[in-house]
Amino acid sequence: MKKCYITTPIYYPSGEAHIGHCYCTTMCDVFARYKRSRGIETYFLTGTDEHGLKIAKNAALANKTPQEYVDEIANKFKHLWEVLEISNNDFIRTTEPRHYKVVQEVFSKFLKQDDIYLGSYSGWYCTPCESFWTDTQVGEEHLCPDCGRSVQKEQEESYFFKTNKYLSTVNELFTLPKFVYPESRKTEMINNFIKPGLEDLCVSRTTFTWGIQIKENPKHVIYVWLDALLNYITALGYGSEDDSLFQKFWNNDDVEIIHVVGADISRFHTIYWPMFLKALNLREPDRIFVHGLLMMKDGKMSKSKGNVVSPYPLIEKYGVDALRYYLVREVTFGQNGQFTPVQFVERINNDLVNSYGNLVNRSISMINKYFDGVIPAFKGKVTLFDEALDNVIINSINNYESYMDDLHMTEGTDAMMDIVRAGNKYIDDTLPWSLAKDSSKKEELESVMAHLARIILVTTLGLKPILVDTYKKVFGFLNISEDLNYEEIKNVHLLDNIKVNAPSILFPRLDVNIEVEAITEMMGTK
RNA sequence: GGCAGCGUAGCUCAGUUGGUUAGAGCAGUCGGCUCAUACCCGGCUUGUCGACGGUUCGAGUCCGCCCGCUGCUACCA
């Protein structure tokens, strides 16, 4: 079976991590955990992109050196991922020697190969901001989009990457149906960039110094994308003495390589990254998955709008699993979504409290009450409703697996909730409390309990990549090992005659009014 | 301006290559149940499927036009 390498974007630490970062990282984490649960060796990378003018400026404002500044923020990102129980195998920082040394070498190689040449970049320059802007950015008035002052046309000596040399690589990749998701992003790239004729990519700057210095011409610093994109391979040890991870997870056709990115950086991942790789004579990634944005009611989340939600109070109040579940289930991966306190609270109440949590609770309570806690052996088709239920379970497991394999974690999760809903309905159909009053119905009652126990097992295995704490509790109720293999999901006899433990409340019911107010307050103060 | 996409029940959205009475979840309402965290189950209600025209035996599903919204538009992570 193919191995898997999945990456988040490396985040730009110009400010603190917010729930948008959590969204993307959590989705990747759920995917990575799912893959591992299927026995697929999976390497999961995240990190920070720490160079550039904005970092240098923010550092100066904070009275720190750029390095001090990024050290601090990178640690905050790392801490947040620990709290969110993100299972990343590594965390790459572009200021680390393992990265910048290799980037310098790659630049030298490209220069030697004649992939890069020295030219000049012209744009609209804002002197106070020390920034270049494009025609569309400055508009007809020629005003700096940052400070609003007028800008001047200026030229700067820059290195450029020859894009036309590798255009055929991109065109070939674009014929693959799954390379870019959603496909409309690919259309945008073709219509806006490829068709009009791709310009060469500017890969150096002389107007600031906080970046990776070009050895051959030290007044230049490598400009963002050649630096940032290479993280995906430098993190694996590409170009270092020990490149075993690189050999295993990149330089190997038997690996599915997936980059999850935001729409704003899809161009760089779909067009230039394959070109860089081709120039290095390395294989291409399999998928560039462009995720949507989690927005607030007044639009895109941004520090300047002051509408960010900090994940910490949400986790503290509702738990990691609740936040992870909300993120995965509420917003379809690949689409935009909106965060509102009401939806957050109601999603948790409806799905985790009322449907899943309550089903676990009522089922185990009945097993305790009617069979002294011993799960009756599974016999299959006993009651009138058993066969239909078994079919729902099998179909939903199939749906779950095919959705999850294709990065559609939202739909995959809902497939598990289908089983939960079917379970609650099954109880109403079979009326176990009535069966219990009639000793001649004992076999039916046994079958109902066996089916309910099975549903708990199946749904908990399916939700395990999301509910990273809760599944342990549920497996504890069922008296089975936390390390239970996912493939046991098809073993209907796994729970035969097991003595369950007393259940406890998995997710306490939330009072909508009180909690909405609490969350709204969190948003206001942060 | 150009390109792409979207506009379906109060809300969030599904609707395969055009085919019988347009679906799901949530909310609302009526009823049922009692194992369970006042949970769960069932029934019911609302939709001129953005507007107008066209193709067709038949269109939410194809074509044209109009209105509204979103994204991308080149070096801002």
Side-chain angles (χ1 to χ4, degrees), chain A residues 9-15 48-55 94 121 123 129 131-137 145-146 158 160-161 163 182-193 195-203 205 223-229 261-268 271-272 290 292-293 329-332 335-338 340 342-343 346-347 349-355 357-370 410-411 414 417-418 420-421 423-436 448-449 452 503-510:
Chain A
I10 44 173
Y11 301 112
Y12 200 63
S14 62
T48 40
D49 174 22
E50 306 188 345
H51 292 123
L53 185 62
K54 204 182 273 179
I55 296 287
T94 56
Y121 171 70
C129 292
S131 299
F132 272 99
W133 304 102
T134 64
D135 283 351
T136 49
Q137 282 171 328
D146 247 16
S158 288
F160 286 84
F161 183 86
T163 57
E183 266 199 283
S184 58
R185 294 292 174 192
K186 180 163 75 184
T187 314
E188 282 177 359
M189 294 306 125
I190 293 170
N191 289 342
N192 287 318
F193 301 105
K195 273 189 189 166
L198 200 60
E199 293 171 16
D200 289 341
L201 181 72
C202 172
V203 292
R205 280 295 153 94
Y223 189 59
V224 27
W225 291 106
L226 187 57
D227 170 5
L229 287 163
V261 302
D264 48 348
I265 56 175
S266 63
R267 181 170 110 238
F268 305 100
I271 297 178
Y272 305 116
V290 183
L293 260 30
R329 185 58 193 63
E330 188 64 30
V331 179
T332 306
Q335 294 180 17
N336 286 342
Q338 204 181 50
T340 70
V342 174
Q343 283 174 327
E346 291 194 338
R347 176 60 70 188
N349 266 349
N350 289 330
D351 289 10
L352 293 182
V353 180
N354 295 344
S355 295
N358 188 46
L359 178 67
V360 170
N361 213 296
R362 64 196 299 212
S363 301
I364 293 180
S365 296
M366 283 191 279
I367 291 167
N368 275 319
K369 189 163 183 167
Y370 301 136
T410 309
E411 295 88 336
D414 201 43
M417 294 313 293
D418 284 341
V420 170
R421 283 187 277 268
N424 277 320
K425 181 166 165 49
Y426 177 73
I427 293 175
D428 270 57
D429 287 337
T430 53
L431 304 171
W433 46 90
S434 297
L435 298 176
V448 173
M449 294 306 119
L452 290 177
S504 57
I505 300 287
L506 295 175
F507 299 95
R509 166 158 268 271
L510 306 177

Just by protein heavy atoms under 4.0 Å, how would nucleotides 30-39 of chain B read 5' to 3' in B, S and -?
--BSSBBB-S

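- At the heavy-atom level, A:Arg329 lies nowhere under 4.0 Å from the strands shown.
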Assess the residue pair A:Val224 and A:Arg205 against the criterion (side-chain contact (heavy atoms from CB on, under 4.5 Å)); give the C-alpha distance rounded to whole Å, side-chain angles, the decisive distance to 0.1 Å, and a yes or no.
CA-CA 9 Å; A:Val224 27; A:Arg205 280 295 153 94; over 6 Å; no

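- Residues A:Gln335 and A:Val331 come closest through the heavy atom pair O-CG1, 3.6 Å.
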N/O to N/O distances under 3.5 Å, protein versus nucleotides 1-10 of chain B:
residue: B:rG2; atom: N2; partner: A:Asn192; partner atom: OD1; Å: 2.9
residue: B:rC3; atom: O2'; partner: A:Asn191; partner atom: ND2; Å: 2.4

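- In this structure, A:Tyr426 places its OH atom 19 Å from C1' of B:rG42, rounding to the nearest Å.
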With both pairing distances under 3.5 angstrom for Watson-Crick or G-U wobble, and | for a partner in another strand, the correct string for RNA chain B is (((((((..((((.....[...)))).(((((.......))))).....(.(((..]....))).))))))))....

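- To the nearest 0.5 Å, the span separating CH2 on A:Trp433 from CG on A:Leu431 amounts to 5.5 Å.
- No engagement by A:Ile10 is indicated, since no non-hydrogen atom pair under 4.0 Å with the nucleic acid exists.
- Taking atom P in both B:rG1 and B:rU55, the straight-line distance is 31 Å, to the nearest Å.
- B:rC3 sits 12 Å from B:rC65 when the P atoms are compared, rounded to a whole Å.
- Of the possible donor and acceptor atoms, one in the side chain of A:Tyr12 sits under 3.5 Å from a partner among the backbone N and O of A:His51.
- Taking the C1' atom of each, B:rG28 and B:rG64 are spaced 41 Å apart, rounded to whole Å.
- In this structure, A:Asp49 contributes its side chain and A:Ile10 its backbone to no donor-acceptor pair below 3.5 Å.
- Residue whose closest nucleotide on RNA chain B sits further toward the 5' end, between A:Asn336 and A:Phe193: A:Asn336.
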Could you walk me through whether A:Leu359 and A:Ile427 pass the side-chain contact (heavy atoms from CB on, under 4.5 Å) test, one step at a time?
CA-CA 9 Å; A:Leu359 178 67; A:Ile427 293 175; 3.8 Å; yes

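- The gap from the C1' atom of B:rG18 to that of B:rC57 amounts to 12 Å, rounded to the nearest Å.
- If you take CD of A:Glu199 and C1' of B:rU73, they are 12 Å apart, rounded to a whole angstrom.
- Within the model, atoms CZ of A:Arg421 and CG of A:Asp414 stand 5.0 Å from one another, a figure rounded to the nearest 0.5 Å.
- Residue A:Gln343 has no polar side-chain atom (N or O) positioned under 4.0 Å from OP1 or OP2 of B:rG25.
- At a threshold of 4.0 Å, the pair A:Lys425-A:Asp428 does not count as salt-bridged, since none of the basic side-chain nitrogens sits closer than that to a carboxylate oxygen.
- Rounded to an integer number of Å, the gap from CG of A:Asp418 to C1' of B:rG25 is 10 Å.
- Contact between the side-chain N/O atoms of A:Tyr223 and the OP1/OP2 oxygens of B:rC76 is found at a separation under 4.0 Å.
- When the C1' atom of B:rG25 is taken as reference, atom CZ of A:Arg421 falls 7 Å away, rounded to whole Å.
- The interatomic distance linking A:Arg347 (CZ) with B:rC13 (C1') rounds to 11 Å, in whole Å.
- Residue A:Arg267 has no polar side-chain atom (N or O) positioned under 4.0 Å from OP1 or OP2 of B:rA77.
- Residue A:Leu201 contributes atom CG, which lies 14 Å from atom P of B:rA74 at whole-angstrom precision.
- Nucleotides B:rC33 and B:rA51, compared at atom P, are 45 Å apart to the nearest Å.
- Spacing between B:rU12 and B:rU48 at atom P, rounded to whole Å, works out to 16 Å.
- Nucleic acid contact for A:Gln335: sugar-phosphate only, since backbone atoms but no base atoms lie under 4.0 Å from a heavy atom of the residue.
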Starting from the C-alpha separation in whole Å, work towards a yes-or-no answer on side-chain contact (heavy atoms from CB on, under 4.5 Å) for A:Phe193 and A:Ile271.
CA-CA 9 Å; A:Phe193 301 105; A:Ile271 297 178; 4.1 Å; yes

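- Proximity of a side-chain donor or acceptor of A:Asn336 to a complementary backbone N or O of A:Leu293 within less than 3.5 Å is detected.
- Judged purely by distance below 3.5 Å, without hydrogens or angles, the side chains of A:Asn424 and A:Arg362 pair a donor atom with an acceptor atom.
- In this structure, A:Glu183 places its CD atom 19 Å from P of B:rC72, rounding to the nearest Å.
- Between the P atoms of B:rA22 and B:rU16, the separation comes to 16 Å (whole Å).
- A distance-only check finds a donor-acceptor pair linking the side chain of A:Asp200 to the backbone of A:Thr163 [under 3.5 Å].
- Taking only side-chain atoms of A:Lys54, from C-beta outward, the nucleotide of B:rA74, B:rC76, B:rC72 with the closest atom is B:rC76.
- With rounding to the nearest 0.5 angstrom, the CG atom of A:Leu506 is 7.0 Å from the CG atom of A:Asn361.
- Across B:rU56 and B:rU70, the matching P atoms stand 38 Å from one another, rounded to whole Å.
- One interatomic measurement links the two molecules: NZ of A:Lys425 to C1' of B:rG43, which rounds to 12 Å at whole-angstrom precision.
- In this structure, of B:rG42, B:rA77, B:rA74, it is B:rA77 that holds the atom nearest to the side chain of A:Trp225.
- You'll find the ring centres of A:Trp225 and A:Phe268 inside the 6.0 Å limit.
- Note on A:Gly292: nothing from the nucleic acid sits closer than 4.0 angstrom, heavy atoms only.
- Residue A:Asn350 places its side chain closer to B:rC26 than to any other of B:rA74, B:rC26, B:rG42.
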